[in-house]
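Position 1 is the first residue of the sequence; numbering continues from there. Only this structure's heavy atoms are used, side chains among them; waters, hydrogens and symmetry mates stay out.
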Amino acid sequence: ITERRIKSTDGTIYDLEISSKMLPDGRLQAFSRDITERKKAAEALQKSNERFNIINKTTNDVLFEWNIQNDEIWFSDSYFTLFGFDPGKPLPLLDEWLEKIHPHDRQSILDRTEQLKNNLVKIWQDEIRFLQADNTYGTVLQRGFVLNSIDGKTTRVLGSFINITDRKRAEIKLSESEKYNRNLFTQSPVGLVLTRMDGSLVDVNEAFANIIGYNIEECKQLNIIKLTTEKFLPQEMQILKELEHKKNFNAFEKEYQHK
C-alpha cells in the first residue's frame with residue numbers, strides 16, 4: 001500500500017491510497033481510494049498537537065484533562081513545578097488529587113465534580129487551597145469547561161490551575177493593613193476628617209464629630225468650608241488652593257461652628 005498525491009485537470013490536489021497485487025495471469029490489479037479528507041484531518045490534528053505542546057511547555061499554568069468515563073485524570077508537566085512535586089513520581093490519581101485539597105474546600109469540590117458528571121455546569125471557576133510538596137497550602141484558581149458526547153453526556157473536562165498563593169497573601173496583608181489603619185482612624189482621640197477638594201466630608205471619626213456636636217452620619221452630609229468660622233475662612237480657602245499643587249500642609253489653628 002502506498003500513498004500518492006495527484007493533481008486533477010482542474011488543478012485540485014488529491015491524496016490517494018493505492019494498493020495493488022499481481023494476478024495469476026500476470027496482470028497487475030490496483031485499487032485507489034481518496035484519502036484527502038483523512039489527510040487534512042491528520043494534518044490539522046498534528047498542528048493542534050504541536051500548538052498544545054508549545055503551550056504546555058511555555059505556560060506556568062497546570063493544564064488538566066479528566067476523562068469522566070474511566071475516571072482518569074491527566075496533568076501537564078507544570079503540575080510538578082507549580083506545586084514542587086518530584087517529576088520522577090507518577091501523576092496522582094483522581095482520589096489522590098482530591099486528598100490534597102484542604103478539608104474545608106473538599107466538599108465543595110466533590111459537589112462540583114458531581115455537577116460536572118451530571119452535566120449541570122458547562123464552564124466553571126473555583127478557588128481552592130491545595131497541599132503543596134512542602135506541606136503548606138497554596139491557593140489555586142481552577143477553571144475549565146465540559147466536553148459532551150453526541151448524545152449530550154459529559155465525557156471529558158478540560159481546564160487549568162493557576163497558583164495565586166502570592167496574590168492571596170498580598171490581598172490578606174492589604175486587608176489587614178486597611179483594618180489596622182481604619183482602627184487607628186476611628187479610635188484616635190484626635191479629631192480626624194477625610195474631605196474632598198470642594199470641602200464635602202467623606203468620613204470623620206467620633207472625636208471630630210464630638211468636637212462639632214454632630215454624630216458621624218450627620219457629619220458626612222456637611223462641608224468643612226461651611227463649618228469654618230468667618231474669621232478662619234480665608235486661611236481655609238488658601239490651604240485648599242495650595243493642596244492642589246502639594247500633598248500636605250503645616251499644622252495650623254482654626255475654629256469650627258458647633259451644632
[X] versus [Y], closest heavy-atom pair with distance:
{"X": "Ala133", "Y": "Gly84", "value": "CB-O, 3.0 Å"}
{"X": "Val140", "Y": "Phe130", "value": "CG2-CB, 3.8 Å"}
{"X": "Ile212", "Y": "Gln257", "value": "CB-O, 4.2 Å"}
{"X": "Lys254", "Y": "Phe232", "value": "CA-CD2, 3.6 Å"}

Please check if the side chain of [X] supplies one atom and the backbone of [Y] the other of a donor-acceptor pair under 3.5 Å.
{"X": "Thr155", "Y": "Leu147", "answer": "yes"}
{"X": "Asn205", "Y": "Val190", "answer": "yes"}
{"X": "Thr113", "Y": "Leu110", "answer": "yes"}
{"X": "Asp203", "Y": "Leu194", "answer": "no"}
{"X": "Gln142", "Y": "Trp124", "answer": "no"}
{"X": "Asn67", "Y": "Gln69", "answer": "yes"}
{"X": "Thr228", "Y": "Leu233", "answer": "no"}
{"X": "Thr165", "Y": "Thr139", "answer": "yes"}

Are [X] and [Y] in one and the same hydrophobic cluster, where Ile, Leu, Val, Met, Phe, Trp and Tyr link if side-chain heavy atoms are under 4.5 Å apart?
{"X": "Trp66", "Y": "Ile109", "value": "yes"}
{"X": "Val193", "Y": "Leu240", "value": "yes"}
{"X": "Ile211", "Y": "Leu201", "value": "yes"}
{"X": "Val121", "Y": "Ile68", "value": "yes"}
{"X": "Val146", "Y": "Trp74", "value": "yes"}

Which value, rounded to the nearest 0.5 Å, describes the distance between [X] atom [atom1] and [Y] atom [atom2]?
{"X": "Arg143", "Y": "Glu127", "atom1": "CZ", "atom2": "CD", "answer": "10.5 Å"}
{"X": "Leu227", "Y": "His258", "atom1": "CG", "atom2": "NE2", "answer": "11.0 Å"}
{"X": "Leu120", "Y": "Arg112", "atom1": "CG", "atom2": "CZ", "answer": "10.0 Å"}
{"X": "Ser76", "Y": "Leu82", "atom1": "OG", "atom2": "CG", "answer": "9.0 Å"}
{"X": "Glu255", "Y": "Glu236", "atom1": "CD", "atom2": "CD", "answer": "12.0 Å"}
{"X": "Gln125", "Y": "Ser160", "atom1": "CD", "atom2": "OG", "answer": "9.0 Å"}

Subject >> Over 12 foreign heavy atoms within 6.0 Å of CD, Glu114 >> reply: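 Above 12, so yes.
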
Subject >> For Glu176, all residues meeting side chain to side chain contact (heavy atoms under 4.5 Å, CB included), sequence neighbours excluded >> reply: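 Ile172.
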
Original post:
Phe145 and Ile123: side chain to side chain contact (heavy atoms under 4.5 Å, CB included), yes or no, with the steps?
Top reply: CA-CA 4 Å; Phe145 61 94; Ile123 301 174; 4.0 Å; yes

Determine all donor-acceptor pairs shorter than 3.5 Å in which one atom belongs to a side chain in residues 216-226; sequence neighbours excluded.
| from | atom 1 | to | atom 2 | distance (Å) |
| --- | --- | --- | --- | --- |
| Glu218 | OE1 | Asn215 | N | 3.0 |
| Asn223 | OD1 | Ile225 | N | 2.8 |
| Asn223 | ND2 | Asp198 | O | 3.1 |

Residues 86-104 side chain polar contacts: donor-acceptor under 3.5 Å, at least two apart:
| from | atom 1 | to | atom 2 | distance (Å) |
| --- | --- | --- | --- | --- |
| Asp86 | OD1 | Gly88 | N | 2.9 |
| Glu96 | OE1 | Leu93 | N | 2.8 |
| His102 | ND1 | His104 | N | 3.0 |

Subject >> Mutual orientation of the aromatic rings belonging to Phe85 and Phe83 [parallel < 30°, tilted 30-60°, perpendicular > 60°] >> reply: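 Judged by the thresholds at 30° and 60°, the geometry between Phe85 and Phe83 is tilted.
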
**OP:** Kindly assign one of parallel, tilted or perpendicular to the pair Phe64 and Phe75, based on the angle between their ring planes and the thresholds 30° and 60°.
**Re:**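 Phe64 and Phe75: tilted rings.
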
**OP:** Please test Phe208 against Tyr256 for side chain to side chain contact (heavy atoms under 4.5 Å, CB included), starting from the C-alpha separation and ending with a verdict.
**Re:** CA-CA 10 Å; Phe208 180 81; Tyr256 290 110; 3.7 Å; yes

Subject >> Check against side-chain hydrogen bond (donor to acceptor under 3.5 Å, both in side chains), Gln115 and Asp111 >> reply: CA-CA 6 Å; Gln115 292 175 342; Asp111 293 341; over 6 Å; no

